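All values derive from a computational prediction rather than experimental measurement.
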Amino acid sequence: MSGKRRVWSDSAPLLGQQHSQQKSQHQYQPRSVSLEMTTSAVPATARSVFLGIDVGTGSARAGLFDENGKLLGSSSSPIQIWKDGDCVEQSSTDIWHAISAAVKAACSLAEVSKEEVKGMGFAATCSLVAVDAEGSPVTVSWSGDSRRNIIVWMDHRAVEQAERINSRNSTVLQYCGGALSPEMQPPKLLWVKENLPDSWSMVFRWMDLSDWLSYRATGDDTRSLCTTVCKWTYLGHAHMHQNNEKDSRDMEACGWDDDFWEEIGLSDLVDGHHAKIGRSVAFPGHPLGSGLTSTAAKELGLVAGIPVGTSLIDAHAGGVGVMESVPLSDSEPKESDKEALCRRMVLVCGTSTCHMAISQNKLFIPGVWGPYWSAMVPEHWLTEGGQSATGALLDYIVENHVASPHLANRAASQRISLFELLNKILETMMLDLKRPFLASLTEDMHVLPDFHGNRSPIADPKAKGMLCGLTLDTSEKQLALQYLATVQGIAYGTRHIVEHCNAHGHEIDTILACGGLVKNALFIQEHADIIGCPIILPRESEPVLLGAAILGAVAARKYCSLHEAMKALNAAGHPSIQRP
């Protein structure tokens with residue numbers, strides 16, 4: 001490819017307003033914004049409001065929360081995505097414009113003035129962003145399209161690079177379950193260097209998406225312990241005896257293992273005190289720079305100088321937004337706060353599912369990422385399991401069945417979701433067949449859910465999925481059974497992760513769940529039945545946004561620590577869901 005490229009600055013017009021010779025099956029659609037609002041009884045003049053921003057796989061969202069952690073209003077705006085086999089790409093320019101639209105819409109709907117926003121934070125997928133010295137996008141795409149400067153988290157182009165890195169058995173690998181996933185950043189960086197040398201030479205900063213968002217907002221290049229430790233092999237515990245959260249400040253990045261980068265062929269990233277990948281790091285929620293820059297404030301419709309907290313990966317923000325959402329009656333009075341916290345696992349259930357548990361001591365668990373120091377809750381060790389395709393797998397199973405279009409039309413006519421209709425069909429089948437319980441409907445059908453590899457605890461990105469028990473039946477009932485078996489397969493995958501973690505030192509006995517899939521009652525009940533743990537759902541429907549907003553509250557010095565903010569702003573919304 002040519003070293004010449006068209007420069008797209010982050011102040012460029014929206015995608016679709018530019019002429020491009022690139023052809024894609026994903027054509028740009030005019031920006032639309034969806035809105036949700038709850039009414040606040042607090043007088044506008046007395047409010048301190050905290051803004052959380054979350055960039056997921058398909059949209060950018062903004063949520064405004066009061067001092068009790070109650071959602072005042074939220075909005076979302078779609079973002080463009082390009083998919084070509086194992087390559088999945090996005091645009092930082094498009095994402096920033098989507099954030100701007102979502103923030104303005106949320107403030108307008110919730111009737112929150114820009115002066116009321118006292119702090120803000122970002123969460124995003126662990127996608128890889130490439131920019132040059134001017135902050136303009138650098139392509140990471142075979143197409144050469146300069147807009148496409150993000151390798152999305154789910155991109156699996158670097159499987160071969162991950163295998164080569166893992167074969168070296170570097171000591172840093174013991175802190176990510178023994179092996180790097182192709183979804184982490186070192187394999188992706190190596191892929192770019194080997195396949196797009198012109199782009200490699202142009203890049204001035206490689207950043208995790210949530211760090212780039214904070215940088216775009218503040219001009220401060222400080223990286224989060226969450227992103228660097230979880231996705232870049234940074235050894236956060238290098239700061240363990242030097243710094244604590246309450247004395248938080250920008251910390252010189254002393255946790256990079258230079259030998260690792262040299263061994264895998266990326267020694268140039270060590271140059272300039274690791275300038276391209278992060279010279280300084282900070283605890284999540286640490287205030288960045290001088291707050292929101294005047295340029296970013298104008299673009300977002302906010303006031304310059306608003307404190308901006310060091311970011312989190314989106315799933316980890318969900319953990320922060322839900323981990324203290326335990327009803328008082330469910331708490332063990334004899335346990336300390338830290339002991340109780342360490343017996344919980346958070347499931348963040350969306351396109352994929354992340355499984356988060358923390359401990360006071362480091363636990364090495366084969367096939368499970370971590371232990372990561374201060375990557376979610378500062379001064380705790382994080383264990384992170386995961387399933388690479390859960391919501392995505394359910395969509396795949398349902399949408400590729402011949403009966404799906406007709407069912408979708410029926411669901412639309414009833415003003416319910418397709419999954420709600422499938423749940424109703426299963427209930428009717430159970431009654432008609434006089435089955436003792438719903439799960440027995442799938443006694444002859446089984447799903448191995450590794451359709452996008454196995455992230456934990458097998459840690460095999462090449463693993464394949466399987467649906468066993470098919471017949472020539474193409475009816476709606478058969479689709480419902482395939483859907484139920486898929487839900488059960490996903491739940492058994494989570495049970496495998498929980499049991500594996502407990503076998504290696506954890507004592508998990510309570511599950512807290514959040515994300516889009518928790519709106520599906522059957523999905524949650526099957527998990528409770530199969531795992532055998534009570535499942536608690538939070539009061540707020542947007543815990544990832546709440547987790548991001550908590551970062552802003554900590555940056556604004558409303559709370560002296562992230563955990564204190566979690567205890568103040570988390571709240572349980574439903575009784576525990578348990579096995580009947």
Side-chain angles (χ1 to χ4, degrees), residues 10-11 31 33-55 60-77 95-124 210 213-220 248 284-312 317 320-321 540 542 544-560 562 564-565 568-569:
D10 284 307
S11 58
R31 180 83 59 208
V33 178
S34 62
L35 308 169
E36 294 182 14
M37 184 180 72
T38 57
T39 302
S40 171
V42 181
T45 56
R47 288 190 299 188
S48 288
V49 176
F50 302 103
L51 170 63
I53 296 167
D54 168 44
V55 177
R61 304 181 303 141
L64 296 151
F65 296 84
D66 66 16
E67 293 177 280
N68 296 312
K70 185 171 179 58
L71 180 66
L72 303 174
S74 66
S75 67
S76 66
S77 186
I95 286 173
W96 189 256
H97 283 293
I99 287 171
S100 176
V103 170
K104 291 174 181 177
C107 289
S108 174
L109 186 72
E111 297 181 347
V112 170
S113 70
K114 59 184 180 181
E115 291 80 13
E116 292 175 298
V117 179
K118 304 302 183 184
M120 60 186 292
F122 292 94
S210 61
L213 295 173
S214 298
Y215 169 68
R216 182 68 173 77
T218 66
D220 189 337
S248 181
H286 168 78
L288 292 168
S290 300
L292 197 64
T293 65
S294 57
T295 299
K298 183 177 180 180
E299 293 165 340
L300 301 178
L302 299 172
V303 175
I306 293 172
V308 179
T310 304
S311 65
L312 285 165
V320 167
E540 296 305 325
E542 299 288 358
V544 177
L545 288 175
L546 175 58
I550 286 173
L551 299 174
V554 175
R557 308 299 190 192
K558 172 71 175 176
Y559 303 96
C560 66
L562 191 70
E564 181 186 331
L569 301 177

What are the two closest non-hydrogen atoms of [X] and [Y], and how far apart are they?
{"X": "Ala548", "Y": "Ala317", "answer": "N-CB, 4.2 Å"}
{"X": "Ala101", "Y": "Ser77", "answer": "CB-OG, 4.1 Å"}
{"X": "Val544", "Y": "Ala123", "answer": "CG1-CB, 4.4 Å"}
{"X": "Ser311", "Y": "Ser210", "answer": "OG-OG, 3.1 Å"}
{"X": "Ala565", "Y": "Ile550", "answer": "CB-CG2, 3.6 Å"}
{"X": "Trp96", "Y": "Leu213", "answer": "CZ3-O, 3.9 Å"}

Counting distance only, does the side-chain N/O of [X] pair as donor-acceptor with the main-chain N or O of [Y] below 3.5 Å?
{"X": "Ser75", "Y": "Ala102", "answer": "yes"}
{"X": "Lys70", "Y": "Glu67", "answer": "no"}
{"X": "Thr293", "Y": "Thr218", "answer": "no"}

From [X] [atom1] over to [Y] [atom2], what is the distance, rounded to the nearest 0.5 angstrom?
{"X": "Asp54", "Y": "Arg61", "atom1": "CG", "atom2": "CZ", "result": "4.5 Å"}
{"X": "Ser76", "Y": "Glu542", "atom1": "OG", "atom2": "CD", "result": "8.5 Å"}
{"X": "Ser214", "Y": "Met120", "atom1": "OG", "atom2": "CE", "result": "8.5 Å"}
{"X": "Lys114", "Y": "Leu302", "atom1": "NZ", "atom2": "CG", "result": "8.5 Å"}
{"X": "Ser74", "Y": "Phe65", "atom1": "OG", "atom2": "CZ", "result": "7.5 Å"}
{"X": "Ser290", "Y": "Asp220", "atom1": "OG", "atom2": "CG", "result": "8.5 Å"}

Find out whether [X] and [Y] are in side-chain contact, i.e. whether some heavy atom of one side chain is under 4.5 Å from a heavy atom of the other.
{"X": "Lys118", "Y": "Ile306", "answer": "no"}
{"X": "Leu569", "Y": "Asn68", "answer": "no"}
{"X": "Val112", "Y": "Arg47", "answer": "yes"}
{"X": "Pro284", "Y": "Val320", "answer": "no"}
{"X": "Phe122", "Y": "Val308", "answer": "yes"}
{"X": "Val49", "Y": "Leu72", "answer": "yes"}
{"X": "Ser48", "Y": "Val117", "answer": "no"}
{"X": "Val55", "Y": "Ile99", "answer": "yes"}

Review point. Would you call Glu299 and Arg216 a salt bridge, using N to O less than 4.0 angstrom?
Key: yes
Exercise for review: Step by step, work out the side-chain contact (heavy atoms from CB on, under 4.5 Å) result for Leu292 and Leu300.
Suggested key: CA-CA 10 Å; Leu292 197 64; Leu300 301 178; 4.2 Å; yes
Practice item. Have a look at Leu51 and tell me which of Leu545, Leu551, Leu64 forms a side-chain contact (heavy atoms from CB on, under 4.5 Å) with it. Key: Leu64
